[in-house]
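Every chain is numbered from 1 and lettered A, B, ... according to where its sequence line falls, protein lines coming before strand lines. Side-chain atoms are counted along with the backbone in the values below, which use heavy atoms only and exclude waters and symmetry mates.
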2 protein chains.
Amino acid sequence: MNIEQILDKVYLLPGALKLKLYQSIVKVSYPKGHILLRADKIENSIYFIKKGIVRAYSKTGDNEITFWFGKEGDTILSMKSYVENQKGYEDIELLEDCELYELKISNLQKLFYEDIHIANWGRKFAEQELIKTEERLISRQFRTATERYKDLLKNNSNLIQRVQLGYIASYLGITQVSLSRIRAEIK
Amino acid sequence: MNIEQILDKVYLLPGALKLKLYQSIVKVSYPKGHILLRADKIENSIYFIKKGIVRAYSKTGDNEITFWFGKEGDTILSMKSYVENQKGYEDIELLEDCELYELKISNLQKLFYEDIHIANWGRKFAEQELIKTEERLISRQFRTATERYKDLLKNNSNLIQRVQLGYIASYLGITQVSLSRIRAEIK
DNA sequence: TTCATTTTTTATCATTTGTAAAATTTTTCA
DNA sequence: TGAAAAATTTTACAAATGATAAAAAATGAA
């Protein structure tokens with residue numbers, strides 16, 4: 001998925017402004033296993049995923065909890081860094097070799113006050129992240145782990161093939177053993 | 001909490017624009033028990049709470065799940081209606097007699113394209129809702145019901161006094177019986 | 001391919017949480 | 001105030017989930 005499609009999906013900018021935004025974006029690549037964002041750090045960039053898959057996780061005492069997966073077309077950001085310039089909750093680990101587009105937050109912030117279209121692009125961007133976050137919350141609050149696993153199978157079956165089940169179990173809020181039981185029952 | 005404080009908390013608008021925004025806002029009052037928003041409806045307004053307390057809940061087959069409480073200074077909105085002009089998940093019920101400020105979404109949308117400050121107000125508004133929603137998700141994903149109850153006791157003790165425990169148990173994701181067990185243990 | 005490592009599944013037992021029903025407390029309103 | 005209704009707590013039992021350990025299967029590197 002290339003950067004033009006990704007930016008247009010948020011809000012269609014006039015051509016000249018699109019170029020202005022492109023000037024702040026660079027393509028970067030990192031290998032599987034790379035830690036892209038860190039929970040103990042204020043992050044300066046957001047990233048759009050051109051190719052690859054990543055997970056957000058957080059360490060809680062002895063173990064860690066995976067709470068988001070990102071794939072082609074998704075945005076990687078520490079919301080706390082982006083919005084409040086504060087440390088966030090998540091480490092982001094690349095689960096495959098990834099091609100990303102990097103955008104410096106400070107450059108974007110500056111543009112918000114220079115042009116109304118870019119301000120509205122930023123508004124739409126936040127609104128869309130909001131909708132996605134609400135969906136995650138609703139899914140977590142309303143559906144059982146079994147239902148959520150079936151949802152993944154239906155809507156993100158490639159994710160299940162590309163990500164090890166321990167991470168998916170953690171994402172679903174259950175142990176890997178429980179997920180195995182669920183998988184055994186479904187068959 | 002009056003409307004000026006509520007709007008300023010998002011983003012400080014120049015005086016003239018503040019007036020422009022005020023023109024779209026009216027003060028309304030509804031009694032305890034009133035259903036303000038409905039899940040089966042595309043909502044046309046958002047509301048700011050001047051006084052009172054409300055809950056968002058959703059019906060799931062036989063029972064219902066409470067997934068948000070709003071109090072003075074909070075914004076009541078169906079995110080799906082606001083962002084995507086689609087039906088949302090929630091009914092909003094007033095748990096006390098409430099004084100609210102009502103803002104028509106269509107009026108606000110129009111202003112977004114007329115002035116860059118209001119566009120940035122809208123951006124900040126969405127970003128702040130995003131942070132709050134992420135916090136709810138993180139709390140739900142990382143903390144046990146007992147921990148979350150203790151958080152409420154510490155940070156929102158008045159909420160526990162003003163809201164019946166059945167709703168709080170539902171919000172915590174446990175049964176009322178379990179919450180009673182937790183309360184008995186803490187004492 | 002083969003061996004070592006990692007990942008997934010299976011089995012057992014302990015703990016937690018839910019369901020249902022009864023008892024108690026609190027609130028509402030005539 | 002007092003009776004009825006609503007809300008909360010308690011109890012007993014059942015069901016679901018977690019922890020642990022170990023076996024089986026899959027993956028990856030030499």
**Q** Would you kindly give the CD-to-C1' distance between B:Glu96 and C:dT28, to the nearest whole Å?
**A**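 It is 17 Å, rounded to the nearest whole Å.
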**Q** Could you list by number each residue of residues 147-166 of chain A showing a heavy-atom separation from DNA chain C of less than 4.0 Å, or answer none if no residue does?
**A**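 Here the set is A:Gln164, A:Leu165, A:Gly166.
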**Q** Do side-chain atoms of A:Gln141 reach the backbone of A:Ile138 as a donor and acceptor pair under 3.5 angstrom?
**A**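 Such a contact is absent between A:Gln141 side chain and A:Ile138 backbone.
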**Q** Using a strict cut-off of less than 4.0 Å between a Lys/Arg side-chain nitrogen and an Asp/Glu carboxylate oxygen, indicate whether A:Lys59 and A:Asp91 qualify as a salt bridge.
**A**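 Result for this pair is yes, salt bridge flagged.
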**Q** Donor-acceptor pairs under 3.5 Å, side chain of residues 153-178 of chain B to any protein atom, not counting sequence neighbours: which ones?
**A**
from     : atom 1 : to       : atom 2 : distance (Å)
B:Asn155 : ND2    : B:Asp151 : O      : 3.3
B:Arg162 : NE     : B:Glu96  : OE2    : 2.8
B:Arg162 : NH2    : B:Glu72  : OE2    : 3.2
B:Arg162 : NH2    : B:Glu96  : OE1    : 2.9
B:Ser170 : OG     : B:Thr66  : N      : 2.8
B:Thr175 : OG1    : B:Ser178 : N      : 3.2
B:Thr175 : OG1    : B:Ser178 : OG     : 3.4

**Q** So, using salt bridge (charged side-chain N to carboxylate O under 4.0 Å, His left out) as the criterion, who are the partners of A:Lys132 when residues are at least two apart?
**A**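 A:Lys132: salt bridge (charged side-chain N to carboxylate O under 4.0 Å, His left out) contacts with A:Glu129.
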**Q** When the side chains of residues 13-38 of chain A are checked against the rest of the protein, which donor-acceptor pairs come out under 3.5 Å, sequence neighbours left out?
**A**
from    : atom 1 : to       : atom 2 : distance (Å)
A:Lys18 : NZ     : A:Glu4   : OE2    : 3.3
A:Lys18 : NZ     : A:Asp8   : OD1    : 3.1
A:Lys18 : NZ     : A:Asp8   : OD2    : 3.4
A:Ser24 : OG     : A:Asn107 : ND2    : 3.3

**Q** Checking one residue: B:Leu137. Which other hydrophobic residues are in its cluster under the side-chain 4.5 Å linking rule?
**A**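 A:Leu137, listed by chain and number.
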**Q** Ring pair (Phe, Tyr, Trp, His ring centres under 6.0 Å): which pairs involve residues 72-106 of chain A, sequence neighbours left out?
**A**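 Non-adjacent pairs meeting ring pair (Phe, Tyr, Trp, His ring centres under 6.0 Å): A:Tyr82-A:Phe125.
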**Q** Between the opening five pairs and the closing five pairs of the helix from C:dT1-D:dA30 to C:dA30-D:dT1, how far apart are the helix axes, to 10°?
**A**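 About 50°, once rounded to a multiple of 10°.
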**Q** Using side-chain contact (heavy atoms from CB on, under 4.5 Å) as the criterion, list what pairs up with B:Ser180, not counting sequence neighbours.
**A**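 With neighbours one apart ignored, the set is empty.
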**Q** Just checking A:Lys150: does its NZ atom have more than 12 heavy atoms from other residues, nucleotides or ligands closer to it than 6.0 angstrom?
**A**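 No, NZ of A:Lys150 has 12 or fewer neighbouring heavy atoms, counting only those of other groups under 6.0 Å.
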**Q** Judged by modelled atom types alone, do A:Glu134 and B:Thr133 share a side-chain donor-acceptor pair under 3.5 Å?
**A**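 Side chains of A:Glu134 and B:Thr133: no pair found under 3.5 Å.
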**Q** What residues, two or more places apart in sequence or in another chain, satisfy salt bridge (charged side-chain N to carboxylate O under 4.0 Å, His left out) together with A:Lys51?
**A**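 So A:Lys51 forms no salt bridge (charged side-chain N to carboxylate O under 4.0 Å, His left out) with any residue.
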**Q** Could you tell me the separation between the OH atom of A:Tyr167 and the P atom of C:dT8, rounded to a whole number of Å?
**A**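 Checked: the OH to P distance equals 10 Å.
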**Q** Taking ring pair (Phe, Tyr, Trp, His ring centres under 6.0 Å) as the test, write out the residues that go with A:Phe142, two or more places apart.
**A**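 With neighbours one apart ignored, the set is B:Phe67.
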**Q** Between the protein and nucleotides 22-28 of chain D, which nitrogen or oxygen pairs are less than 3.5 angstrom apart?
**A**
none

**Q** Return the polar atom pairs (N/O with N/O) between nucleotides 12-18 of chain C and the protein under 3.5 Å, or none.
**A**
from   : atom 1 : to       : atom 2 : distance (Å)
C:dG18 : OP2    : B:Thr175 : OG1    : 3.2
C:dG18 : OP2    : B:Ser178 : OG     : 2.4
C:dG18 : N7     : B:Arg181 : NH2    : 2.7
C:dG18 : O6     : B:Arg181 : NH1    : 3.4

